[in-house]
Enquirer: 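Here it is, the structure, as structure tokens.
Side chains included, hydrogens not; waters and symmetry mates left out as well; all remaining heavy atoms used. Chain letters run A, B, ... following the sequence lines, proteins first, then strands; residues in each count from 1.
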Amino acid sequence: MSAFLLTDQPIDTTAFAHALRRDEAGGYCSFEGWVRNHSDGQDVLGLDYQAYRPLAEAEALAVLREAETRFEIIAASAIHRFGSLAIGDMAVWIGVSAAHRDGAFLACRFVIDELKRRVPIWKRERYADGHSEWIACHDTEL
Amino acid sequence: MSAFLLTDQPIDTTAFAHALRRDEAGGYCSFEGWVRNHSDGQDVLGLDYQAYRPLAEAEALAVLREAETRFEIIAASAIHRFGSLAIGDMAVWIGVSAAHRDGAFLACRFVIDELKRRVPIWKRERYADGHSEWIACHDTEL
Amino acid sequence: MASVTLEYFALLRDEAGCQSETLRTEASDLAALYDALAHARGFTLPRARLRVAVNARFASWDQPVSEGDHIVFIPPVSGG
Amino acid sequence: MASVTLEYFALLRDEAGCQSETLRTEASDLAALYDALAHARGFTLPRARLRVAVNARFASWDQPVSEGDHIVFIPPVSGG
């Protein structure tokens with residue numbers, strides 16, 4: 001049972017992480033993407049995210065369901081924020097529960113990689129020198 | 001700056017996770033080991049952990065420092081619980097922050113693998129049929 | 001002639017100068033529609049770097065343009 | 001003759017029937033000490049599956065036993 005949330009509010013993982021708990025789960029792997037203060041040698045002040053909501057939600061859920069099919073996991077969920085974020089803000093969260101840790105790690109990595117590759121969400125970096133730029137996936141690495 | 005805590009209290013990751021935050025960190029990977037209700041086809045009621053504290057603390061810190069040397073990360077920390085645990089309880093937590101997600105995932109996986117391999121902590125499984133057994137690392141997989 | 005709604009994101013939104021627009025087009029397929037709009041609006045992204053979605057589903061560039069379509073050209077994504 | 005303290009964990013604690021004990025030994029090294037104790041206490045783990053620590057540091061089996069040593073035989077670990 002996967003769940004995905006796209007929100008313009010600060011990410012609160014409590015409810016989503018709690019929903020991944022099962023008595024048969026022995027391992028839980030999570031990933032958080034934070035806004036960092038540098039990118040490719042430039043000082044960054046913050047990020048702006050835009051999302052094409054209906055397709056982003058559908059595609060993110062497809063990624064989570066693929067993870068549940070490909071790996072030995074119990075459940076995988078994700079939250080992505082949009083709007084204007086400051087340094088240190090959480091931009092994305094992924095959580096995966098599994099009987100064993102192998103599946104949890106592999107699926108968590110798969111979900112963040114596929115989210116970044118396929119889900120229609122865009123990031124603009126605001127730089128200290130005043131200019132800003134939309135980032136293309138192949139130009140960046142989180 | 002790595003930190004390790006060995007505790008007989010329920011694991012609270014708040015302070016340790018907070019200490020991994022840095023403005024230059026763009027990714028955070030964490031792993032939690034939970035007590036699950038089954039092992040090798042047997043119903044499990046709970047786990048008892050013993051630890052040889054001074055050596056466990058030294059060896060866990062050595063593992064964390066190795067992770068910081070081997071991988072491109074900012075910091076790695078861990079907490080391990082001992083004593084008597086029930087189904088769903090968190091037995092171990094690992095958190096790693098990094099500029100990029102590659103380092104965070106690799107280091108987090110390295111730390112849990114090495115903890116399980118090297119750190120003098122032992123787990124006894126209590127089974128539904130009334131018997132219990134100390135687990136040897138090569139007999140089990142979390 | 002079909003009446004369609006375009007919604008723009010990221011660089012395309014900046015270059016279009018609007019979030020969305022409704023227009024009538026004679027373009028035979030989505031590729032032709034993008035090429036015409038790229039010329040008219042000055043979009044700098046080559047079509048080869050984009051994907052396209054119609055009514056919230058990914059579509060292929062040779063799909064015909066239909067009356068009432070909601071069309072989004074998808075620049076290279078960069079979530080996470 | 002050296003006086004040493006043994007501390008036991010996991011299966012060895014169960015088999016020893018105590019958490020720790022202080023005893024005098026004539027064993028020349030840690031290997032000989034374990035072998036003597038395994039015989040006396042009925043430890044079932046073969047030495048090849050154990051490690052040994054002296055004064056909270058891993059040691060080698062051929063290390064001599066010294067007066068006042070705090071010795072822990074380390075069964076296969078299973079944390080996590």
Enquirer: Quick one: are B/Ile87 and A/Arg22 in side-chain contact, heavy atoms under 4.5 Å?
Expert: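 No, every pair of side-chain atoms sits at 4.5 Å or beyond.
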Enquirer: How far apart are the closest heavy atoms of B/Phe105 and A/Cys29, and which atoms are they?
Expert: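 The answer is CE2-SG, 4.3 Å.
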Enquirer: Check whether any side-chain heavy atom of A/Arg101 sits under 4.5 Å from a side-chain heavy atom of B/Lys116, and report yes or no.
Expert: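 Sidechains of B/Lys116 and A/Arg101: in contact.
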Enquirer: Could you pull out the closest heavy-atom pair between A/Glu24 and B/Asn37, with the gap in Å?
Expert: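 Shortest heavy-atom separation between A/Glu24 and B/Asn37 comes out as CA-OD1, 3.4 Å.
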Enquirer: Quick one: sort the A/His38 and B/His100 rings into parallel, tilted or perpendicular, breaks at 30° and 60°.
Expert: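 Ring orientation of A/His38 relative to B/His100: perpendicular.
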Enquirer: Of the listed residues (B/Ala98, B/Cys108, B/Ala104), which shares the most heavy-atom pairs with chain A below a 4.5 Å separation?
Expert: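 Most pairs with chain A among the choices: B/Cys108.
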Enquirer: Working to the nearest 0.5 Å, report the span between CG of A/Asp43 and CG of B/Asp23.
Expert: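 So the CG of A/Asp43 and the CG of B/Asp23 are separated by 11.0 Å.
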Enquirer: Name the orientation class of the two ring planes belonging to A/Tyr28 and B/Trp34 (parallel below 30°, tilted from 30 to 60°, perpendicular beyond 60°).
Expert: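 Because their plane-to-plane angle is under 30°, the rings of A/Tyr28 and B/Trp34 count as parallel.
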Enquirer: Nearest 0.5 Å, what's the CD-OG distance between B/Glu32 and A/Ser30?
Expert: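 Interatomic distance, B/Glu32 CD to A/Ser30 OG, rounded to 0.5 Å: 6.5 Å.
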Enquirer: Is the count of non-hydrogen atoms from other residues, nucleotides or ligands lying under 6.0 Å from A/His18 atom NE2 greater than 12?
Expert: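 Not buried by this count: 12 neighbours or fewer within 6.0 Å.
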